[in-house]
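Keep in mind the model is a prediction, meaning the values are calculated, not measured.
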Amino acid sequence: QVQLVESGGGLVQAGGSLRLSCAASGRTVSPFSMGWFRQAPGKERDFVAGISGMRGNTVYADSVKGRFTISRDNAKNTVYLQMNSLKPEDTAVYYCAAVLSVLSTIRITARDEYDYWGQGTQVTISS
């Protein structure tokens, strides 16, 4: 079993930055795939970014490319999402997810591929 705990959400103005953290426990997740998803009110939970394998290959949704960066600290068993140039449309609950396998660049974007989820952290961007 893997437990995931997100932190770092909050309220910031448009153009600002936030860094989300996802601390994993129960298993070492660094060899496998982890992702960030987000869900706005009344919408589906959408893929934001993923990191996979020992090389840490990364994938991003088009809407966040160039603004968000996913990274991980293997020693801390933690994945981060650095979010810059935030926009009001980035407002959502952000969820961390993990799976104990290495997903391809296509499968890493699919929420059904993940077995473990955090509780979510609210990110609100004011205009």
Side-chain angles (χ1 to χ4, degrees):
Q1 289 289 333
V2 176
Q3 293 78 43
L4 303 173
V5 178
E6 302 101 333
S7 61
L11 170 64
V12 298
Q13 290 187 333
S17 298
L18 282 173
R19 188 177 82 154
L20 306 183
S21 300
C22 174
S25 61
R27 287 285 302 270
T28 298
V29 295
S30 55
F32 306 118
S33 296
M34 293 190 72
W36 285 97
F37 290 75
R38 66 186 182 186
Q39 188 167 18
K43 296 188 177 181
E44 293 187 348
R45 190 172 299 186
D46 292 330
F47 172 78
V48 175
I51 188 166
S52 195
M54 292 302 294
R55 293 184 179 182
N57 296 323
T58 58
V59 179
Y60 296 93
D62 288 343
S63 58
V64 306
K65 280 181 182 176
R67 300 188 299 123
F68 291 11
T69 303
I70 187 171
S71 62
R72 67 187 182 200
D73 184 330
N74 294 341
K76 295 183 178 180
N77 216 25
T78 298
V79 171
Y80 303 97
L81 185 67
Q82 177 66 45
M83 306 186 295
N84 299 328
S85 302
L86 284 162
K87 305 174 182 180
E89 51 263 44
D90 294 319
T91 295
V93 177
Y94 283 70
Y95 296 91
C96 174
V99 58
L100 299 181
S101 61
V102 179
L103 299 177
S104 69
T105 54
I106 298 298
R107 292 174 64 193
I108 202 171
T109 68
R111 60 179 182 267
D112 290 345
E113 295 285 351
Y114 294 85
D115 296 319
Y116 305 100
W117 292 84
Q119 82 288 351
T121 186
Q122 177 70 48
V123 171
T124 303
I125 312 303
S126 63
S127 57

Same apolar cluster (I L V M F W Y, side chains within < 4.5 Å links), Leu4/Phe37
no
Main-chain N/O of Cys96 paired with Glu6 side-chain donor or acceptor, under 3.5 Å:
yes
Is there side-chain contact between Tyr116 and Leu100, with at least one heavy-atom pair below 4.5 Å?
yes
State, to 0.1 Å, how close Ala49 and Leu81 come at their nearest heavy-atom pair, and which atoms those are.
CB-CD1, 4.1 Å
Where Arg72 and Gly56 come nearest, the two heavy atoms and their spacing
NH2-N, 3.5 Å
Considering all heavy atoms of both residues, which atom of Leu86 and which atom of Arg67 are nearest to each other, and what is their separation?
CA-NH1, 3.9 Å
Do Met34 and Ile70 have side chains that approach each other closer than 4.5 Å (heavy atoms only, starting at C-beta)?
no
Does Glu113 offer a backbone N or O that forms a donor-acceptor pair with the side chain of Arg107 under 3.5 Å?
no
Distance col, row Glu44:CD vs Gln39:CD, nearest 0.5 angstrom, shows 8.5 Å
In a check of side-chain contact (heavy atoms from CB on, under 4.5 Å) between Tyr60 and each of Thr69, Thr109, Val48, which one passes?
Thr69
Residue pair Val123 / Val93, side-chain heavy-atom distance below 4.5 Å
no
If I take atom OG from residue Ser127 and atom NZ from residue Lys87, how far apart are they, to the nearest 0.5 angstrom?
14.0 Å
Should the pair Phe68 and Tyr94 be assigned to parallel (<30°), tilted (30 to 60°) or perpendicular (>60°) ring geometry?
tilted
Show your working on side chain to side chain contact (heavy atoms under 4.5 Å, CB included) between Ile125 and Val12 and close with a plain yes or no.
CA-CA 5 Å; Ile125 312 303; Val12 298; 3.2 Å; yes
In short, Gln119 meets Val5 closest at the heavy-atom pair OE1-CA, 3.8 Å
Donor-acceptor check, side chain of Tyr114 to backbone of Ile108, threshold 3.5 angstrom: yes or no?
yes
What closest approach, in Å, do Ala61 and Phe47 show between heavy atoms, and which atom pair accounts for it?
CB-O, 3.5 Å
What heavy-atom pair brings Asp62 and Lys65 nearest, and what distance separates the two atoms?
OD1-NZ, 3.2 Å
Quiz: residues 17-31 side-chain donor-acceptor pairs under 3.5 angstrom, not counting sequence neighbours:
residue: Ser17; atom: OG; partner: Asn84; partner atom: OD1; Å: 2.9
residue: Ser25; atom: OG; partner: Gln3; partner atom: OE1; Å: 3.4

May I ask whether Val59 and Val99 are part of the same hydrophobic cluster, defined by side-chain heavy atoms of I, L, V, M, F, W, Y residues being less than 4.5 angstrom apart, directly or through others?
yes
Of Met83, Gln82, Lys76, the one forming a side-chain contact (heavy atoms from CB on, under 4.5 Å) with Tyr80 is Lys76
